[in-house]
Amino acid sequence: MFALRGAARFSFPLNGKTRMRTLVVIGGGPRAAGLLERIAAQSPSLELAVHVVDPYPPGAGRVWRHAQSPLLRMNSMAEDVTVFTDSSFDGAGPVRPGPTLAEWGDVEPTSFPSRQVQSKYLAWFFDHVRESLPPNISVTVHQARALKVVGNWVWLDSGESLRAEVLVLALGHLDAEPEPEHRKLADHASEHGLVYVPPLYSADADLSEVTGDVVLRGFGLAFIDLMVLLTEGRGGRFVRSGQLEYLPSGAEPTIYVGSRRGVPYHSKTGYRLQGTRPALPNFFVADALRGRELDFRGDVWPLMAKEIAWGHYHELFTGHPGLVRMPFTEFAVSFAALPWYSAEMRELEELAVPDPADRVDFERLDRPLAGLTFASGEEFQEYLRAYVEADVARRSDPRHSADLGAFLALLSVYGQMSQVMPYDSWWHGYFSYLASGPPPDRLEELLALSRAGIVRFVGADMWVEAVDGAFVAGSPTTPEVVRANGLIEARLPTHSLSRTADPVLRSLRAVGDVSEDDAGLVRVTAEGRLINERGEVDPVRFAVGPYTTGKAYAAFARPNTNAPAFRQNDRLALEILRTLGD
Ligand SMILES: Cc1cc2nc3c(=O)[nH]c(=O)nc-3n(C[C@H](O)[C@H](O)[C@H](O)COP(=O)(O)OP(=O)(O)OC[C@H]3O[C@@H](n4cnc5c(N)ncnc54)[C@H](O)[C@@H]3O)c2cc1C
């Protein structure tokens, strides 16, 4: 990789303090707001005009816009979300403290607020950043979609064009052109008067035609959103008289849900650590692996597994000494010396941890229905309800706070992984399944809907076929086969540069100014600079967010964790200011 020749495509006058510089940021979501905050925090001396372009409201952007169903909620606890750096921050820029979502919104710290509440927090943050800017920095918001980038000009659908000395793409979650399979399914639906909804952000999906029997493919967070919109969103109500009960409105479809695993994502934990906070990372450390040729399954995953298990056992031993048979110091020495996948490690676990439910089994966790079959659909419904009930009970009971220790280690592993290897789709899915699940009360709602017959579980390795006049679905888990008049892909589109629907990326791709890695992510340097098709580094154009190879830090920052997203924004802000000549 080398810098693009003629890096000074835009020349800056020597008297840097007098001329106004321009920075254009396409995308005005949380990432753009965080970046602006870090630019302001560096107290630059140059005269800077920042233009933020987004058709959705600045700060909140598309995902967190206020104009969406009040029923949709975050899957983060209010106390775990902040947009402000705190004393844990070790970036080059200064710490600028401020309230967490819980403090700002005066909401229960351990509640999972609605997306509308988070929307207000983000909009307030954007205004706060804007108001606290020094007089030499101005921010202009353009409520428009950027259509193309040509040279250093950005064209907007409002008819305006902006000249960018530095351009940042903070485009967030991208829409994609339909994959061939989705196109076929959509054609089938329109030929037979059926409904087909391709992968979409749930709040954008048109569900008005969904009635009768509908198959939802995917059992993650998008499923939870869709489940809520198709039930409570259709006028049904949850009431509690002991067990949670669902009172249907009559306007709900019957929802058949299945996926590869066939089970929902694990519930978020509803407790705090009972022991001491583990220092992380210990075993999966990016610095120790950098520059080595690595095989994911052979070299990387065993270290990741050991790190996650360490988080689990650290909490089990320090928080629940009555559940183990040896002091943590003794366990830790043996644990550190053994590879995760070794007979000796299994012996150590058996010796030290008497209850198998307190031991870690990653393979069983990954495929809980593997090898299970049921004689009837009804038997399977009962089994899965018991499975979900047990998950909710476990994740609500501080007796099992080792799961929270594992969760913290999962976050550490996630951050390290991005520095070690390109995106691995299995790992990404496994991480989301374990660490990014719904709040426990959403799973209780799922159970109530299942008891009411509104939701039916299809099973693992669900297959779907387009047959004459219907979508048919089934699974090896049960003999039941469903004939439905609707199919919804319950997931976000997969990020892919070659299939992106974003006009800006398409325009840059058309001239070879952007490139993708094997996973379809937009290639950027460690500083966030675009890498073009020839492997050259763009001197003035940056990209940041979940669709880039620097994507690791898509979620909101957690307080007191020296959050990687803040450090990334800080580095990017410095790099941008340096490029502008500050
Ligand atoms: C449904 C959903 C729920 C989530 N829930 C949580 C959660 O509970 N907790 C958590 O920690 N994380 C959550 N996340 C993670 C999420 O990635 C971040 O919260 C955050 O939205 C990422 O911010 P961003 O600015 O990078 O992207 P986005 O929020 O996607 O913002 C990008 C912006 O770019 C704009 N844009 C794109 N293309 C153009 C263009 N051509 N012209 C102009 N503007 C453009 C879009 O309109 C959008 O407003 C969730 C993500 C999704 C999708």
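Counting starts at 1 for both ligands and their atoms, in listed order. Note: hydrogens, waters and symmetry copies are ignored here, and every other heavy atom, side chains too, is used.
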Checking contacts here: is it the side chain or the backbone of [X] that comes within 4.0 Å of ligand 1, counting heavy atoms only? Could be both or neither.
{"X": "S202", "result": "neither"}
{"X": "Y56", "result": "side chain"}
{"X": "L147", "result": "neither"}
{"X": "A144", "result": "backbone"}
{"X": "V81", "result": "neither"}

Can you say whether the rings of H428 and Y414 are parallel (under 30°), tilted (30 to 60°) or perpendicular (over 60°)? tilted

Below 4.0 angstrom from a heavy atom of [X], which ligand 1 atoms are there? Numbered from 1 as shown, please.
{"X": "Y201", "result": "1 (C)"}
{"X": "A170", "result": "32 (C), 33 (C), 34 (O)"}
{"X": "V504", "result": "41 (N)"}
{"X": "P55", "result": "43 (C), 44 (N)"}
{"X": "L492", "result": "53 (C)"}
{"X": "R145", "result": "42 (N), 43 (C)"}
{"X": "I26", "result": "40 (C), 42 (N), 43 (C)"}
{"X": "G27", "result": "33 (C), 34 (O), 35 (C), 44 (N)"}

Could you tell me the residue and atom name of the protein heavy atom closest to [atom], and the distance to it rounded to 0.1 Å?
{"atom": "atom 7 (C) of ligand 1", "result": "N75 OD1, 2.9 Å"}
{"atom": "atom 2 (C) of ligand 1", "result": "V63 CG1, 3.8 Å"}
{"atom": "atom 37 (C) of ligand 1", "result": "L171 O, 3.4 Å"}
{"atom": "atom 47 (O) of ligand 1", "result": "D54 OD1, 2.9 Å"}
{"atom": "atom 38 (N) of ligand 1", "result": "D502 OD1, 2.8 Å"}
{"atom": "atom 10 (C) of ligand 1", "result": "F556 CD1, 3.4 Å"}
{"atom": "atom 9 (N) of ligand 1", "result": "S76 OG, 2.7 Å"}
{"atom": "atom 3 (C) of ligand 1", "result": "R115 NH2, 4.0 Å"}

Are a donor atom and an acceptor atom from the side chains of [X] and [Y] found within less than 3.5 Å of each other?
{"X": "E160", "Y": "S158", "value": "yes"}
{"X": "Q42", "Y": "R578", "value": "no"}
{"X": "D502", "Y": "T500", "value": "no"}

Given H173, H142, Q143, K148, which has its nearest heavy atom closest to atom 16 (C) of ligand 1? H173

Is the shortest distance from a Lys or Arg side-chain nitrogen in [X] or [Y] to a carboxylate oxygen in the other one below 4.0 Å?
{"X": "E177", "Y": "R506", "result": "yes"}
{"X": "E181", "Y": "R217", "result": "yes"}
{"X": "D538", "Y": "R529", "result": "no"}

Qualifying residue for side-chain hydrogen bond (donor to acceptor under 3.5 Å, both in side chains) with N569, from R38, R31, E37: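 So, applying the side-chain hydrogen bond (donor to acceptor under 3.5 Å, both in side chains) to N569 and each of R38, R31, E37, only R31 qualifies.
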
Using the salt bridge (Lys or Arg N to Asp or Glu O under 4.0 Å) rule, collect all pairs that involve residues 48-62, keeping only residues at least two apart or in two chains. R62-D175, R62-D204

Does an N or O anywhere in A146 fall below 3.5 Å from an N or O of ligand 1? yes

Within the structure, does P30 bring an N/O atom to less than 3.5 angstrom of an N/O atom in ligand 1? yes

Against the six-membered ring of F223, is R261 placed for a cation-pi contact (under 6.0 Å from the centre, within 45° of the normal)? no

For W155, does the CH2 atom sit with more than 12 other heavy atoms under 6.0 Å from it, leaving out its own atoms?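 Atom CH2 in W155 is not crowded, with 12 or fewer foreign heavy atoms closer than 6.0 Å.
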
Tell me, with the steps shown, if T110 and E79 meet side-chain contact (heavy atoms from CB on, under 4.5 Å). CA-CA 6 Å; T110 54; E79 67 177 7; 3.9 Å; yes

So, 4.0 Å and heavy atoms of W64: is ligand 1 close enough to count as a contact?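 Yes, W64 has a heavy atom closer than 4.0 Å to ligand 1.
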
S114 and Q116: CA distance, side-chain angles, deciding distance, side chain to side chain donor-acceptor pair (under 3.5 Å) verdict: CA-CA 5 Å; S114 71; Q116 287 190 335; 5.1 Å; no

For H266, check ring pair (Phe, Tyr, Trp, His ring centres under 6.0 Å) against everything at least two apart and list the hits.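 Counting only residues at least two positions away or on another chain, H266 forms a ring pair (Phe, Tyr, Trp, His ring centres under 6.0 Å) with Y433.
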
If you look at every heavy atom in L497 and S515, which pair is closest and at what distance?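 Smallest heavy-atom distance, with atoms named: CD2-C, 3.5 Å.
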
